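First up is the structure itself, then whatever we jot down about it.
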Amino acid sequence: MKKILNNTVLVFALSFALSSCGGNSEKESTAAQSAAATVKAEPVKPVEPEMSNVLALEGNDQMQYNQTEFKIAAGRSVTLTLKHTGTLEKNAMGHNFVLLKQGTDMNAFAKKAMEAKDNDYIPKSESASVIAHTKLLGGGESDTITFTVTEKGTYDFICSFPGHISMMKGKLIVE
Ligand code: CO
């Protein structure tokens with residue numbers, strides 16, 4: 001999103017700079033337009049997550065994570081901080097980060113999680129499916145965890161608060 005905005009700003013700045021320098025002959029104005037068009041036509045590269053061992057994730061009052069994909073290195077210790085940037089209490093808009101083992105049915109997990117309010121929606125019966133998880137957070141709170149994933153592959157992460165999996169889920173790519 002940021003990249004798209006930057007490109008848009010660039011297009012405006014460029015066309016302004018080109019059209020404002022020198023005289024206003026038709027030729028120059030046409031050149032400015034085509035220059036702007038060239039910049040506009042450039043495809044916006046998809047934003048690929050960079051590999052990192054320090055991950056920052058946010059959850060908000062609109063039931064959204066701000067990131068849906070992370071890339072980490074296999075066998076390397078990773079620190080993840082989840083921050084709830086909203087103001088709602090955790091009973092109403094609780095957020096966590098639950099990293100699931102490959103092969104876990106995340107919807108079945110989330111269903112079990114709904115019954116685990118007493119354990120912050122981490123179902124004890126499914127603990128074998130959990131690689132790592134944060135605390136359940138309310139607005140303004142944050143939690144930092146450290147974990148290591150040894151096997152390469154793509155892993156699901158979810159917020160296990162009831163109903164949140166529909167909006168709050170993402171992929172952790174281990175390379
Ligand atoms: Co949530």
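Model, not experiment: these values are computed from the prediction.
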To the nearest 0.5 Å, how far apart are CD1 in I131 and CG in L100? 7.5 Å
Hphob cluster co-occupancy, I145 + F157, side-chain heavy atoms under 4.5 angstrom: yes
Measure the spacing between CG of D105 and NZ of K112 and express it to the nearest 0.5 Å. 9.5 Å
Donor-acceptor contact below 3.5 Å, side chain D120 vs main chain I122: no
How far apart are the closest heavy atoms of F109 and P123, and which atoms are they? CZ-CD, 3.7 Å
What side-chain donor-acceptor pairs closer than 3.5 Å can you find for residues 162-175, not counting sequence neighbours?
| from | atom 1 | to | atom 2 | distance (Å) |
| --- | --- | --- | --- | --- |
| H164 | ND1 | G94 | O | 3.2 |
| S166 | OG | G163 | O | 3.1 |
| K171 | NZ | D156 | OD1 | 2.8 |

Please find the pair of heavy atoms, one from L82 and one from G59, that lie closest to each other, and give the distance. CD1-N, 4.2 Å
Measure the spacing between CD of Q62 and CE of M93 and express it to the nearest 0.5 Å. 7.5 Å
Any chance the side chains of S77 and N53 put a donor and an acceptor closer than 3.5 Å? no
All pairs passing side chain to side chain donor-acceptor pair (under 3.5 Å) where residues 132-152 contributes a residue, at least two apart: T81-T144
Shortest non-hydrogen contact between T87 and D61, atoms and distance: N-OD2, 2.8 Å
Which distance, rounded to the nearest 0.5 Å, do you find between the NZ of K117 and the CZ of F161? 8.0 Å
Can you check side chain to side chain contact (heavy atoms under 4.5 Å, CB included) on N66 and N60, steps first, answer last? CA-CA 8 Å; N66 70 333; N60 63 21; over 6 Å; no
With hydrophobic residues grouped by side-chain heavy-atom distances under 4.5 Å, do Y155 and Y65 end up in a single group? yes
Quick one: pull up OH in Y121 and CG in N96 and give me the separation to the nearest 0.5 Å. 10.5 Å
Applying side chain to side chain contact (heavy atoms under 4.5 Å, CB included), run through F70 and L57 and close with a yes or a no. CA-CA 10 Å; F70 289 109; L57 179 62; 4.0 Å; yes
Any donor-acceptor N/O pair, S52 side chain to V54 backbone, under 3.5 Å: yes
Mind checking whether L99 and L80 have side chains closer than 4.5 Å, heavy atoms only? no
Taking K83 for the side chain and A56 for the main chain, is one N or O donor matched with an acceptor at less than 3.5 Å? no
Looking at CZ of F147 and OG1 of T79, how far apart are the two atoms once the value is rounded to the nearest 0.5 Å? 8.5 Å
More than 12 foreign heavy atoms under 6.0 Å from CD of Q67: is that the case here? yes
